[in-house]
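Input: a single structure, listed below in structure tokens.
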Amino acid sequence: IEESVAWLSENHEVDLIFMDIQLSDGLSFEIFKKISLSTPVIFTTAYDEYAINAFKVNSIDYLLKPIEQNDLQTSLNKYQDFKKQFSKTFSSFNKEQIEQLLNFQKKEYKTRFVSLVGDRIQYINVEDIAYFYADDKIVFLVTHEQKEFIIDHTLENLETLLDPKQFFRLNRTYVAQITSIDTISKYFKGRLKVSLIPQAREEIVISRERSVKFKEWLDR
């Protein structure tokens, strides 16, 4: 937050900002309390609970992680419409350059992870992974053979490292591989309940808002 405020105070000629919501020193909404900012913002986050707050500031769109290329394209189209309607002073904006910058076209995902087991280093191939889960800030990798390993990654970090066609962030605690999903059933208030193989330690519920993305992911 503090670094962003300092940088934006010195750099006023900004066309568009991609802004994560959860930063190392708080929520990025604090930036708007410290500096007058007129630049349009596209927020990115793994959670849908901040959408209302986002649209109270300069947000023109809200992208849930992992970000899909089609969703990004829709946001950039909205930005172009925003430019045409509200200003003629924006500098030119090349959508292909942004996509290249974010490396959507040639994205390479992790093929294996390493874990320290005693004094040994163990590696696990991605195809052997059933799911990841977080417990008190520790992230565990669970294989199809029900072996567990501690890894040095956050779930947020994993979303950028894993192939989104194969893995999905179910909720705050679990990231699952498609082959580990056993049953899916309707739950209260439009939510979904998911069971995994191997069986998870707790009940896994997907929020109503995230359920829409989950169904789209299943139907690829």
Side-chain angles (χ1 to χ4, degrees), residues 1-69 71-72 74-76 78-79 82 90-91 93 97-104 107-110 113-116 131-141 149-162 164 167-176 202 204-207 209-210 213:
I1 293 171
E2 295 302 327
E3 291 178 358
S4 297
V5 170
W7 191 91
L8 290 168
S9 298
E10 300 295 328
N11 297 270
H12 305 292
E13 308 259 332
V14 180
D15 295 328
L16 176 65
I17 297 174
F18 285 89
M19 186 177 288
D20 205 341
I21 289 181
Q22 293 182 320
L23 305 180
S24 60
D25 56 347
L27 300 181
S28 59
F29 301 124
E30 294 296 318
I31 294 171
F32 297 88
K33 297 178 182 179
K34 298 175 179 290
I35 187 174
S36 177
L37 193 62
S38 59
T39 304
V41 176
I42 295 176
F43 283 99
T44 66
T45 182
Y47 309 113
D48 48 35
E49 62 198 64
Y50 301 110
I52 294 178
N53 288 334
F55 286 105
K56 287 181 180 180
V57 288
N58 293 28
S59 176
I60 60 172
D61 213 346
Y62 188 94
L63 295 175
L64 284 176
K65 299 177 183 176
I67 298 171
E68 302 288 343
Q69 185 170 351
D71 293 338
L72 173 65
T74 298
S75 295
L76 297 178
K78 185 182 292 188
Y79 169 75
F82 179 88
F90 282 108
S91 62
F93 183 77
Q97 290 178 345
I98 288 294
E99 289 178 0
Q100 290 173 9
L101 178 65
L102 296 178
N103 205 20
F104 272 90
K107 176 69 175 179
E108 293 186 2
Y109 300 101
K110 280 188 74 66
F113 288 83
V114 296
S115 176
L116 186 62
Y131 54 86
F132 302 86
Y133 73 92
D135 183 11
D136 193 23
K137 297 184 179 182
I138 299 175
V139 174
F140 295 86
L141 178 160
F149 301 91
I150 295 175
I151 59 171
D152 190 21
H153 292 281
T154 65
L155 293 186
E156 288 75 18
N157 184 218
L158 287 175
E159 287 183 276
T160 67
L161 300 175
L162 297 168
F167 290 86
F168 188 85
R169 177 78 177 267
L170 300 175
N171 54 25
R172 291 175 180 269
T173 309
Y174 282 85
V175 174
E202 57 190 317
I204 301 175
V205 177
I206 305 177
S207 69
E209 295 80 4
R210 195 140 186 85
K213 289 276 188 184

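We count residues from 1, following the sequence as given. The structure displayed is predicted, hence computed values, not measured ones. We use all heavy atoms of the structure for the numbers below, so side chains are in, but hydrogens, waters and symmetry mates are not.
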Could you tell me the separation between the CG atom of L63 and the CE atom of M19, rounded to the nearest 0.5 Å?
13.5 Å
In this structure, CD1 of I31 is separated from CD1 of I17 (nearest 0.5 Å) by 8.0 Å
To the nearest 0.5 angstrom, please state how far the CG atom of L155 sits from the NZ atom of K65.
12.0 Å
Note: K78 and I60 closest approach over all heavy atoms is CD-O, 2.7 Å
N/O donor-acceptor pair under 3.5 Å between D71 side chain and I67 backbone:
no
Check: Y174 main-chain N/O paired with N171 side-chain donor or acceptor under 3.5 Å
yes
CZ/F32 to CG/L8 distance, rounded to the nearest 0.5 angstrom?
8.5 Å
Shortest non-hydrogen contact from F18 toward L76
CZ-CD2, 4.0 Å
Just so I know, are the side chains of Y79 and D15 near enough to count as touching, which here means a heavy-atom distance under 4.5 Å?
yes
Quick one: does any side-chain atom of S28 pair with a main-chain N or O of D20 as donor and acceptor, under 3.5 Å?
yes
Looking at the rings of F132 and H153, which for Trp means the six-membered one, are their centres under 6.0 Å apart?
no
Look only at the side chain of S115 and the backbone of I151, and say whether a donor-acceptor pair between them is shorter than 3.5 Å.
no
How long is the gap from CG on L23 to CD1 on I1, to the nearest 0.5 Å?
5.5 Å
Can you tell me how far the CD1 atom of I35 sits from the CD atom of E30, to the nearest 0.5 Å?
14.0 Å
